[in-house]
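Let me begin by presenting the structure, written as structure tokens, before commenting on it.
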Amino acid sequence: MASFYSYPELVLACFIFTLPFLYENSNVFRYYLKFFVYYAYVLVTCTILLPVVLLYPRDVTNLIVASRFCRYASYIVGIEWELRGLEHWDNEQCYIVISNHQSSLDILGMFEMWPRMKRCTVVAKRPLMFTGAFGFGAWLSGLVFIDRLKTDRARKLMREATERVIQEKTKLWVFPEGARFNKGSIQPFKKGAFYLAIDAQIPIMPVVFSQYYFLDNDSKTFEPGKVVITTLPPIPTKGMTRNDLEALSELAREQMMEVFNESSKDLVVQRKVVL
């Protein structure tokens, strides 16, 4: 008996057979597919882990559990991470951690670091709280969600988070640039993290992600690549006042820019050697 296929089945079959061709020859297709797979993997993993993190609501160590599973998304999308300066982490010390922010891929680098950082949470934009299982799981893991348009409320939440950092000897990760920027530099810093560090007399811990040379949002390019994450020595704030805020911010950014340029150049040299 002759077999008959429906039109949707034929379309689906053609799409599946053209996937390898599109992936190999289309930057745009590869770009969107990799981000889709990345987000889907993390979302599914967070959904599966929800019963686990529900046992310890608002406990930042839930992030260590999540990172052990979510970190495999890096292998799927072809990103290798090299961690430097891990000797600067003191798990008995609280810090305000600051880092540059180039892409949503930064979270994959943080997944690599959480087992080393132990107790660390993150300041994130409030809309992320409403991204299904990921947002709920992040809230259960102690992330601090702020609405930058509601300044007074955001400041109150940040102060409360800082008090918790001191009480529980944990770390608060902040992206002081305020927005993603992947153009080969680090933008000027907003001052919120430095206000917190000075007011609480907590050290600033700078963390630098090397340039994402393999990612270009304008041309929709997402190739395999390597990122160096460097932890710098903490910058003490004992004895500082708000009069020192500008100098502290500039010092941190200058140190981070120097490491950003050096680590990015290292990767350029490595690529040339390989090629």
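The chain is numbered in sequence order, starting from 1.
No side-chain donor-acceptor contact under 3.5 Å links Y31 and D216. No hydrogens or angles considered: a donor-acceptor pair under 3.5 Å links the side chains of S104 and Y39.
Residues passing the salt bridge (charged side-chain N to carboxylate O under 4.0 Å, His left out) test with E177, sequence neighbours excluded: none.
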Pair S141-L63, side chain to side chain contact (heavy atoms under 4.5 Å, CB included): steps then yes or no: CA-CA 6 Å; S141 300; L63 291 165; 3.6 Å; yes
From CA spacing to verdict: side chain to side chain contact (heavy atoms under 4.5 Å, CB included), V207, W173: CA-CA 10 Å; V207 175; W173 190 304; 4.0 Å; yes
Stepwise, does the side chain to side chain contact (heavy atoms under 4.5 Å, CB included) test hold for F69 with V44? CA-CA 11 Å; F69 296 92; V44 169; over 6 Å; no
Report the C-alpha separation of E160 and R164 in whole Å, then their side-chain angles, then the decisive distance to 0.1 Å, and conclude whether the salt bridge (Lys or Arg N to Asp or Glu O under 4.0 Å) test is met. CA-CA 6 Å; E160 290 174 353; R164 185 179 177 187; over 6 Å; no
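A parallel orientation is assigned to the rings of F189 and F194, their planes being inclined by less than 30° (bins at 30° and 60°). Note on ring orientation: taking the six-membered ring where Trp is involved, the planes of H101 and F175 are parallel (angle under 30°, cut-offs 30° and 60°). Ring geometry, Y212 versus F214: the interplanar angle falls under 30°, so the pair is classed parallel (tilted spans 30 to 60°).
Atom CZ of residue R242 and atom CG of residue D199 lie 4.0 Å apart, to the nearest 0.5 angstrom. Atom CE of residue M110 and atom SG of residue C120 lie 6.0 Å apart, to the nearest 0.5 angstrom. Taken to the nearest 0.5 Å, the CG atom of L19 stands 11.5 Å off from the OG atom of S26. One distance of note links NZ of K171 with CD1 of I96; it measures 11.0 Å at 0.5 Å rounding. In this structure, CD1 on I166 lies 11.5 Å from CD on E168, to the nearest 0.5 angstrom.
With a 4.5 Å cut-off on side-chain heavy atoms, W81 and R71 do not count as touching. Proximity of M257 to S185: side-chain heavy atoms (C-beta onward) are separated by under 4.5 Å at one or more points. Inter-residue side-chain proximity for I198 and L245 is flagged as met; some heavy-atom pair is nearer than 4.5 Å.
At least one donor-acceptor pair under 3.5 Å links the side chain of N62 to the backbone N or O of Y56.
The aromatic ring centroids of F136 and F134 lie 6.0 Å or more from each other.
When the options D266, T231, T230 are evaluated for a side-chain hydrogen bond (donor to acceptor under 3.5 Å, both in side chains) with R84, the one that passes is D266.
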